K.L.:
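I'd like to ask some things about the structure below.
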Amino acid sequence: MAEQQADLVEISAEEARRIAESMPSELSGQVGEAKGEIVSISEAKQTIVVSTPVRTGQQIYAEKADLIVLGIVSPGAEVIADGNIHIYAPLRGRALAGASGDRKARIFVQSMQAELVSIAGIYRTFEQKLPQHLHKQPVRIELQDDRLAISSIVAE
């Protein structure tokens, strides 16, 4: 069976929006098989990458963007994003995703040891240790029915 390779075409967000608006509504949200159809078009968020540790007293804000932190977030440090937050190191400080009200924002943490997490203004503090299956483990934090749900990320 011969494989077909798709050509990548770079278009601006404005042009993608115009194309999406001109598509018939029955096609705009459908998922098709990989035969070259347009599956979906959405405006990508900007991503801010911080490759250094975030120290006590520091605050990082990713306005209208997702935030990726490659270093530790120390106790007393704060990372804030209007979109999602990914922390590929221990989170010992505070992480606030969906700061502009995005209820679909999520927080992904490599080692959960946070003081506080928040999504769209709904927050949780951690005076006591998390259960063993979450403490110092990779977790995903999201909103479910106006409550923060913290679940383990299990690699399969």
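If you're wondering where the values come from, they're calculated on a predicted model, not measured in any experiment.
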K.L.:
Please find the pair of heavy atoms, one from L70 and one from A89, that lie closest to each other, and give the distance.
P.N.:
O-CB, 4.0 Å
K.L.:
Atom OH in Y123, atom CG in L116: separation rounded to 0.5 Å?
P.N.:
7.5 Å
K.L.:
Closest heavy-atom contact between A65 and A81?
P.N.:
O-CB, 3.6 Å
K.L.:
Please check: side-chain N/O of Q113 versus main-chain N/O of P90, any donor-acceptor pairing under 3.5 Å?
P.N.:
no
K.L.:
Is there a side-chain contact between N84 and I107 in this structure, where contact means two heavy atoms from C-beta onward sitting under 4.5 Å apart?
P.N.:
no
K.L.:
As an exercise, state the distance from CD1 of I85 to CG of L96, rounded to the nearest 0.5 Å.
P.N.:
6.5 Å
K.L.:
Looking only at heavy atoms, what is the nearest atom pair of V117 and L148, with distance?
P.N.:
O-CD1, 3.7 Å
K.L.:
Could you tell me which residues satisfy side-chain hydrogen bond (donor to acceptor under 3.5 Å, both in side chains) with D146, sequence neighbours excluded, listed by chain and number?
P.N.:
R103
K.L.:
I need the full list of salt bridge (charged side-chain N to carboxylate O under 4.0 Å, His left out) pairs touching residues 61-79, with sequence neighbours left out, sorted by first then second residue.
P.N.:
E78-R94
K.L.:
Once salt bridge (charged side-chain N to carboxylate O under 4.0 Å, His left out) is applied, what residue pairs with a partner in residues 46-61 remain, sequence neighbours excluded?
P.N.:
none
K.L.:
Quick one: which residue pairs count as a salt bridge (charged side-chain N to carboxylate O under 4.0 Å, His left out) with a foot in residues 121-140, not counting sequence neighbours?
P.N.:
R140-E142
K.L.:
Spell out, yes or no, whether I68 and V50 are grouped together once hydrophobic residues are joined by side-chain heavy atoms under 4.5 Å, including indirect joins.
P.N.:
no
K.L.:
Mind checking what makes side-chain hydrogen bond (donor to acceptor under 3.5 Å, both in side chains) contact with Y61, not counting sequence neighbours?
P.N.:
D82
K.L.:
What are the two closest heavy atoms between R106 and I119, and how far apart are they?
P.N.:
CA-CD1, 4.2 Å
K.L.:
To the nearest 0.5 Å, tell me how far L134 CG sits from S152 OG.
P.N.:
6.5 Å
K.L.:
Are V54 and V69 close enough that some pair of their side-chain heavy atoms sits under 4.5 Å apart?
P.N.:
yes
K.L.:
Less than 4.5 Å apart, side chain to side chain, heavy atoms only: is that true for T125 and E115?
P.N.:
no
K.L.:
Say you draw a straight line from OG of S118 to CD1 of I141; how long is it, rounded to the nearest 0.5 Å?
P.N.:
10.0 Å
K.L.:
Can you tell if the side chain of F108 reaches within under 4.5 Å of the side chain of I87, non-hydrogen atoms only?
P.N.:
no
K.L.:
I need the I80 CD1 to L67 CG distance, nearest 0.5 Å.
P.N.:
9.5 Å
K.L.:
Between D145 (side chain only) and R147 (backbone N and O only), is there a donor and an acceptor less than 3.5 Å apart?
P.N.:
no
K.L.:
What's the spacing between I150 CD1 and Q144 CD if we round to 0.5 Å?
P.N.:
11.0 Å
K.L.:
Check the hydrophobic clustering (I, L, V, M, F, W, Y; side-chain heavy atoms under 4.5 Å; chains of links allowed) and say if V139 and Y88 are grouped together.
P.N.:
no
K.L.:
Hydrophobic clusters here meaning ILVMFWY residues chained together by side-chain heavy-atom distances under 4.5 Å, can you tell me if F126 and I153 are in one?
P.N.:
no
K.L.:
Could you pull out the closest heavy-atom pair between A120 and L143, with the gap in Å?
P.N.:
CB-CD1, 4.3 Å
K.L.:
Regarding Q58 and T56, do their side chains bring together a donor and an acceptor under 3.5 Å, going by distance alone?
P.N.:
no
K.L.:
Just to verify, what does Q137 make a side-chain hydrogen bond (donor to acceptor under 3.5 Å, both in side chains) with, not counting sequence neighbours?
P.N.:
none
K.L.:
Between M112 and L130, is the side chain to side chain contact (heavy atoms under 4.5 Å, CB included) condition met? List the steps.
P.N.:
CA-CA 9 Å; M112 180 62 171; L130 284 167; 3.3 Å; yes
